[in-house]
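First comes the structure, then the notes that go with it.
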Amino acid sequence: MVFALTVSLAVAAVALLVLGVTRSASERSEDQRTTALVTQFQREFSRRADDVVRRVEAIATSNPISHMASSLNGTSADSAEYFDVAHQMAEGYQLDFLEFLDGQGKIISSAQWPAKFGYPDAGFEGLSASSGEGAFLKREELQDSKTLGLFAVRTTRVSERPVYVIGGRRLDKNFLSALDLPADMRVLLYQNRSEHFSADSLIDPSVTGSKAAATHPADKFAPLVEAVRHYNQETTCLIQWTADQADDEVFHAIPLRGAGRDRPLMGILLVGNSRRSYVELKRRIRASALLVGGGGIFLAILFSTWAAARMTRPVVQLARAAQEVAAGNWDTRVEVSGSDEVGQLADSFNRMTTELLAQKERLVQTERVAAWRELARRLAHELKNPLFPLQLTVENLVRARSQSSEQFDEIFQESSSTLLAEISNLKMIIGRFSEFSKMPRPQFQPIQVNEIVGGVMKLYEAQLQASGRAPLASQLELDNKIGTIAADSDLLHRALSNLVLNAMDAMPNGGTLTLRTRRDDGKVIIEIADTGSGMTREECERIFTPYYTNKQHGTGLGLAIVQSVVSDHGGRISVKSAPERGTTFIIELPENVAALQESPARAEAGTGTRFA
Amino acid sequence: MMLGAVVASAETRQQYGGTLHVTMRAALMTLDPAELDPALPDSIGRRAVSMLMFDTLVTLDENLRIQPGLAMAWQTSAGNQRWQLQIRPGVKFHDGTALSAEVAASSLRAANPGWKVSTEGDSVVIVRDSSDPELLAELALPRNSIVKRNPNNAFSGTGPFHTADWQPGKKLALAAEENCWRGRPFVDAVEIEMGKNSYEQVTAIESGKADLIEVVPEQVHHFSHEGRRIANSKPMELIALLFTRDAATPAEKLLREALARSVDRGSIHRVLLQGTGQPAASLLPNWMSGYGFVFPIDADLPRARQAREQVRSVPSWTVGYDSSDPMARLLAERIALNAKDAGLSLQPTTAANVDIKLVRIALASPDPWVALVEIAAFTGTAPGKESETVEDLYASERALLATDRIVPLFHLPVTYAGSTNLNDWVLRPDGSWNLGDAWLGTPVIAGK
């Protein structure tokens, strides 16, 4: 991860460095191109200005105008016949604007507004002062609009009455389109005709149609135009046309001023430079950086994963082996690879499991010996009790031979009865041991737990109230929601009977026996509780050990049998007890529904065939 | 002396044959004189074309006196309410059928559905609802030409030319009628190119493709200097501003008055019209009514501004002009400039739906009553009752002007220029051509 992060940071740093250099280069390029375009525009402007001056001079010195000036110099001069001359000469000299003014500044003829003859020309004083000078910008009022033009003034003078020739070319789309622009650059002209920005005053030769106007709304130029008008100096501004940065353009606004003392602001030249090439270059750099960074990160992750796997695999194997050992598989081994720390750890683990296995075997042997000893002790104890009366009886019989026959007979009868009783007792002991050794495997069948429990309680109800012992109360708490489970009813009955008998034995002074059933987490719970003397914690821990008993008369096999039955059903048994607080045995049995569903037909047929 | 005697006694000898080429600005869509052309309700060019093919019962001579036409004689009774005109015998239509009183009556009924026209023998009898002293002048109108309408929608007239080829709006070719009752014309055919602007017409005559063209005022000097023959009609065309609806409020009447007073007719007449025609504040030209001079034509800006200042809110009016007429555009722009001086706002436009129209009204007849009635019909108003007194005529014209629907500006003649190859063509006072005696060729002096 650290390696991948390092790679990413390195790539990001390089990308930022390249981007910074690119931006700087692009800005320098933009400045150079803008400067070049402005210079080109000024050169083109000068060329056009010279052209306008040349044409106006040609008109002023032409024969028709000289003739007109001469004619108007007469006392009966009538300019009426010349009202259309400007129109004709403007077409001939390819001028957009041409007007002839008399000495008082009244229009003799106007090409751009023929109907304005006889009216005084606005700004005549300034125009007459410009006669003979170079071209200048002028806002020309037309019939229904105002437009910007490049004008020149010349005078044709015969005697004392001059005729002013004012001609010009329109600064329009054609003028702007004629500029030889570099790629990604364009020029717009804003005509400063009103106090506030007006989209109609913007001439954009590159935008045609409503769709283009929709993507390049002229209102975007309003802040730039207002800034130039307010600060009266060149201004640069970035215009964002769309959300795509590639459509952005940097516009350099240049104020264009007219002639005269005030040099009024006639128009604003807007030189636009598209940032598309720069943005696309930036995107390519970013994409390359992302590609390189991503690839680096991917490779770093691969390498890191490989390295981590190489380092952690033995540890994982060790952890898995430890889990196996915890689960009882003490013969688990891990592969020892290398002689590093992990290898040493794996070797130690193997030695540990080997040692544990040996200890386990020793423990088993020890426990086995102990069990045999316990069995021998129990057998000896169990057998010793009947053997002692047998010995005494036989010794009594031997002594009785010296008695009279009547006495011998009497003794013989008693001894015989005793011998038979003890022999029967021995057979019973031997039978119990034999029975434990022959615990059958449960034969599963559908049973109702509540019926089994109820049957056991019913079986022992009479003994609970038997004479000769303190009366015991019984309590049956059955959960009706318990359904059918798969179990061996005989074994389960026997196990419950053992627990009930133990409970009765535990309450010599009376008490309450409670049998309870309930469901818990998909299992059937059977509780056998007494209010007897209870057991200590140590007794509880040993109580299920075979041949262990805390009663004076008992083989210690009862609870072992119960535990065996429960275990064979896939359940478990536990005990909760405390001295003088009674004891509760808790049997948890699974429903074994799967076993029932596997042979529903046989179960429903009620053939009595037990589940396997 | 000998040379002078020869010249004085010299006579030119007419030559037959050839095709006379004419150009005109109007683009006619129908040749039926009784059918109003939706594009050109009436125009002097239309009259001229009509009178090449058709004749009327009576005509007006150069002195505007009634002369017999297809009617040899006439008489009136019942106080000029009943008119009986005797049809000239021996006249045949171009299809060879003879002119009869029934055909003439039928033609008049088609042109004048409101007239009661009947026949009595070889005479046509017209009975009007009231006294109609100007009926003969009306009968001289081209729309009352006698036309025989054949079932196949073809027209047949009695004029000196009959139709050879007709392409509505573009070209009309006429051929000389050999059996015309007025005699065969000298030229074999007349071809009229329609819809030609002034530039195209000048180019056509200078390149020899046209023999007779219309001349706009600014070209009059040009043709005069070239020595071509220029012919002017009497001022038969009224240029005026026509409001498209009545003045709804006194304020609007004041504004209309301001507009009428603001127009500097003198400057426009001197410069734009190059002195052609006459500035006019009256509907009828002075030569027709005799009282036109009493209407002041000079601009009165102070009073115009005064009228304008009495109105608090001044609307911006649109002035519509004919886009095919370059002079109309200049006139509209100049009038807008003049109106601006008076504080009014006029916007020249070629749109159809406008507040004011700059119109050219071809005066229907040299007869003042007939002309006034037609002007009134054009403006959508009703003139006074026709009578023979000039006082009634003056009162009717005053009443028409008082509606403030129309502002007269100029009365213009119709000017034509002929090529040097065209001889003896005559322009009637009403602007129509008489090409019956025109011939093509270089004049040859008889006896030389």
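Sequence lines set the chain letters: A, B, ... in the order given, protein chains first and strands last, and positions in each chain run from 1. Note that the structure is predicted; figures quoted are calculated from it, not measured.
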For the residue pair A/Y82 and A/F117, is the inter-centroid distance of their aromatic rings smaller than 6.0 Å?
no

Side chain from CB out, backbone as N, CA, C, O: work out which of these in B/D264 comes under 4.5 Å of a heavy atom of chain A, or both, or neither.
neither

Parallel under 30°, tilted from 30 to 60°, perpendicular over 60°: which one fits the rings of B/W317 and B/F243?
perpendicular

So, for A/F97 and A/F151, is the gap between ring centers shorter than 6.0 Å?
yes

Quick check on A/Q143 against chain B: is it the side chain, the backbone, both or neither that has a heavy atom closer than 4.5 Å?
side chain

So which part of B/A336 gets closer than 4.5 Å to some heavy atom of chain A, the side chain, the backbone, both or neither?
side chain

When you compare the side chains of B/Q347 and B/S316, does any donor N or O come within less than 3.5 Å of an acceptor on the partner?
no

